[in-house]
There are 2 protein chains.
Amino acid sequence: MDAVHTLLMDHQIKPSYTRVKIFKYLQEHKNHPTVDEIYQALTEELPTLSKTTVYNTLKLYIDHHLVKELVLKEQKHYDLITTPHAHFKCDRCEQLFDIAIEPPALDETYEDAFEVRDAQLLYHGVCRSCQRSQA
Amino acid sequence: MDAVHTLLMDHQIKPSYTRVKIFKYLQEHKNHPTVDEIYQALTEELPTLSKTTVYNTLKLYIDHHLVKELVLKEQKHYDLITTPHAHFKCDRCEQLFDIAIEPPALDETYEDAFEVRDAQLLYHGVCRSCQRSQA
DNA sequence: TCCATAATTGTAATCATTACAAAATTATAA
DNA sequence: TTATAATTTTGTAATGATTACAATTATGGA
Ligand SMILES: [Mn+2]
Ligand SMILES: [Mn+2]
Ligand SMILES: [Zn+2]
Ligand SMILES: [Zn+2]
């Protein structure tokens with residue numbers, strides 16, 4: 001038996017050959033690969049693999065909280081307020097709210113490894129009025 | 001004299017009619033409008049306005065740190081590590097690094113206004129090796 | 001007025017993501 | 001096994017925001 005098999009089965013996901021391959025690729029490449037990187041890497045071993053399958057499979061894993069999507073950009077928004085603050089985006093109504101929290105500074109561990117020029121802190125969830133307008 | 005005029009002039013930006021209009025729109029709409037929203041709102045008053053101009057003008061303001069771009073999504077990346085942590089993205093080499101910082105929790109002020117389901121903390125800048133490979 | 005420069009426009013290209021229907025595979029039951 | 005249903009995978013086309021770029025227009029000084 002395979003650990004990935006049992007993990008997927010625990011989540012009611014049928015461990016098809018392709019799905020297991022994609023999962024194991026993520027296990028062996030923790031450096032936040034893109035869809036294209038996953039596709040390019042696996043297409044040798046799985047010559048009939050399609051990119052849609054990679055998208056579909058990742059969506060499946062994300063829905064089961066087995067994989068996290070790093071959402072780094074989207075339709076851009078513009079803010080005249082250039083002082084540090086955070087934002088909350090409602091996943092229902094798509095509204096964007098200001099949050100008066102500053103992104104934390106990097107501590108000594110990272111201080112000389114990275115020169116930070118900008119930080120973005122984004123919360124996702126459901127805003128109050130959208131919570132109410134549900135049952 | 002106009003405050004926007006002088007502000008732009010201070011930044012060596014010629015305060016053309018269009019540029020002033022776009023800037024004032026941002027001043028009067030602080031809710032993080034998109035390019036399309038800006039364009040749609042101004043196209044009545046400026047019938048010959050083009051979206052490219054909106055893009056160009058915003059880029060100009062961003063370069064002068066008069067406007068901040070909210071980068072909320074981009075080519076997606078996938079992370080098998082679903083526990084809270086932050087990321088640093090190098091603007092030169094595009095590499096993505098893990099940072100062992102948890103996004104701060106929302107305090108009482110926001111606690112019952114927003115139901116947070118996810119948080120993303122992203123730092124931008126230049127990584128060590130890219131700093132070195134410069135003069 | 002003439003000319004150089006800058007600003008603006010419009011269209012086409014790019015490219016990641018999504019939609020969707022067809023094809024292939026797998027599971028289930030007769 | 002064979003038929004049938006359900007699921008998985010595929011391939012292509014659509015979407016839509018952003019960018020590239022060349023053409024056009026406006027501006028300001030000589
Ligand atoms: Mn804001
Ligand atoms: Mn990570
Ligand atoms: Zn909402
Ligand atoms: Zn770098």
Side-chain angles (χ1 to χ4, degrees), chain A residues 4-5 8-9 11-25 32-64 66-79 89 91 94 96, chain B residues 4-5 8-9 11-25 32-64 66-79 89 91 94 96:
Chain A
V4 173
H5 268 250
L8 295 184
M9 303 248 293
H11 287 265
Q12 352 286 355
I13 296 170
K14 289 192 189 160
S16 76
Y17 191 69
T18 309
R19 286 174 176 170
V20 171
K21 280 288 177 201
I22 291 174
F23 196 91
K24 287 188 174 171
Y25 180 86
H32 326 91
T34 64
V35 161
D36 196 65
E37 284 164 351
I38 297 167
Y39 172 77
Q40 294 301 338
L42 295 180
T43 197
E44 264 189 56
E45 234 185 321
L46 308 172
T48 73
L49 182 65
S50 89
K51 237 178 224 183
T52 304
T53 298
V54 179
Y55 276 109
N56 289 343
T57 305
L58 288 170
K59 183 177 187 333
L60 187 67
Y61 292 158
I62 290 162
D63 290 346
H64 286 267
L66 292 171
V67 166
K68 197 158 149 48
E69 188 173 69
L70 299 187
V71 178
L72 306 182
K73 210 193 268 178
E74 177 182 78
Q75 183 173 19
K76 288 165 184 163
H77 292 245
Y78 298 92
D79 198 343
K89 177 159 187 190
D91 292 327
E94 307 265 282
L96 201 55
Chain B
V4 174
H5 268 252
L8 294 183
M9 303 248 293
H11 287 265
Q12 353 286 353
I13 297 171
K14 289 192 190 161
S16 76
Y17 191 69
T18 309
R19 285 173 177 170
V20 171
K21 279 289 178 199
I22 291 174
F23 195 91
K24 287 189 173 170
Y25 180 86
H32 325 92
T34 63
V35 161
D36 196 65
E37 285 164 351
I38 297 166
Y39 172 77
Q40 294 301 337
L42 295 181
T43 197
E44 262 189 57
E45 235 186 320
L46 307 172
T48 72
L49 182 65
S50 89
K51 238 178 222 181
T52 303
T53 298
V54 180
Y55 276 109
N56 290 344
T57 305
L58 288 169
K59 183 177 187 334
L60 187 68
Y61 292 158
I62 291 161
D63 290 345
H64 286 268
L66 292 171
V67 167
K68 197 157 148 49
E69 188 173 70
L70 299 186
V71 178
L72 305 183
K73 209 194 266 178
E74 179 182 76
Q75 183 173 18
K76 287 166 184 163
H77 291 246
Y78 298 92
D79 198 342
K89 177 157 189 192
D91 293 326
E94 306 265 281
L96 201 54

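Chain letters run A, B, ... following the sequence lines, proteins first and then strands; every chain starts at 1.
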By salt bridge (Lys or Arg N to Asp or Glu O under 4.0 Å), which residues pair with B/Glu44, not counting sequence neighbours?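 Salt bridge (Lys or Arg N to Asp or Glu O under 4.0 Å) list for B/Glu44, sorted by chain: empty.
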Contacts of type salt bridge (Lys or Arg N to Asp or Glu O under 4.0 Å), residue A/Lys59, not counting sequence neighbours: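 A/Asp63.
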Using side-chain contact (heavy atoms from CB on, under 4.5 Å) as the criterion, point out the one residue from B/Val54, B/Thr34, B/Val35 that pairs with A/Tyr78.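 Going through B/Val54, B/Thr34, B/Val35 one by one, the side-chain contact (heavy atoms from CB on, under 4.5 Å) with A/Tyr78 is satisfied by B/Val35 alone.
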Please enumerate all residues that pass side chain to side chain donor-acceptor pair (under 3.5 Å) together with B/Ser50, with sequence neighbours excluded.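 Only B/Thr53 meet the side chain to side chain donor-acceptor pair (under 3.5 Å) criterion with B/Ser50.
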Partner residues of B/Tyr61 under the side chain to side chain donor-acceptor pair (under 3.5 Å) criterion, sequence neighbours left out: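 Partners of B/Tyr61 by the side chain to side chain donor-acceptor pair (under 3.5 Å) criterion come out as none, since no residue qualifies.
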For atom [atom1] of [X] and atom [atom2] of [N], their distance in whole Å:
X: B/Tyr55; N: C/dT14; atom1: OH; atom2: P; answer: 17 Å
X: A/Gln40; N: C/dC15; atom1: CD; atom2: P; answer: 14 Å
X: B/Leu58; N: D/dA17; atom1: CG; atom2: P; answer: 15 Å
X: A/Asp36; N: C/dA16; atom1: CG; atom2: C1'; answer: 9 Å
X: B/Tyr39; N: C/dT8; atom1: OH; atom2: P; answer: 15 Å
X: B/Tyr17; N: D/dT27; atom1: OH; atom2: P; answer: 12 Å
X: B/Leu8; N: C/dA6; atom1: CG; atom2: C1'; answer: 16 Å
X: A/Glu69; N: C/dA16; atom1: CD; atom2: P; answer: 15 Å

Pull out every protein N or O sitting under 3.5 Å from an N or O of nucleotides 10-16 of chain D, one pair per line with the distance.
from   : atom 1 : to      : atom 2 : distance (Å)
D/dT10 : OP1    : A/Thr48 : O      : 2.5
D/dT10 : OP1    : A/Thr48 : OG1    : 2.7
D/dT10 : OP1    : A/Leu49 : N      : 3.1
D/dT10 : OP2    : A/Ser50 : N      : 3.1
D/dT10 : OP2    : A/Thr53 : OG1    : 2.7
D/dT10 : O5'    : A/Thr48 : O      : 3.0
D/dG11 : O6     : A/Thr52 : OG1    : 3.1
D/dT12 : O4     : A/Thr52 : OG1    : 3.4

Below the 4.0 Å mark, does C/dT26 have OP1 or OP2 next to a side-chain nitrogen or oxygen of A/Ser16?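 No, no such contact exists.
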Of all residues at least two apart in sequence or in a different chain, which pass the ring pair (Phe, Tyr, Trp, His ring centres under 6.0 Å) check with B/Tyr25?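 Result, ring pair (Phe, Tyr, Trp, His ring centres under 6.0 Å) vs B/Tyr25: B/His29.
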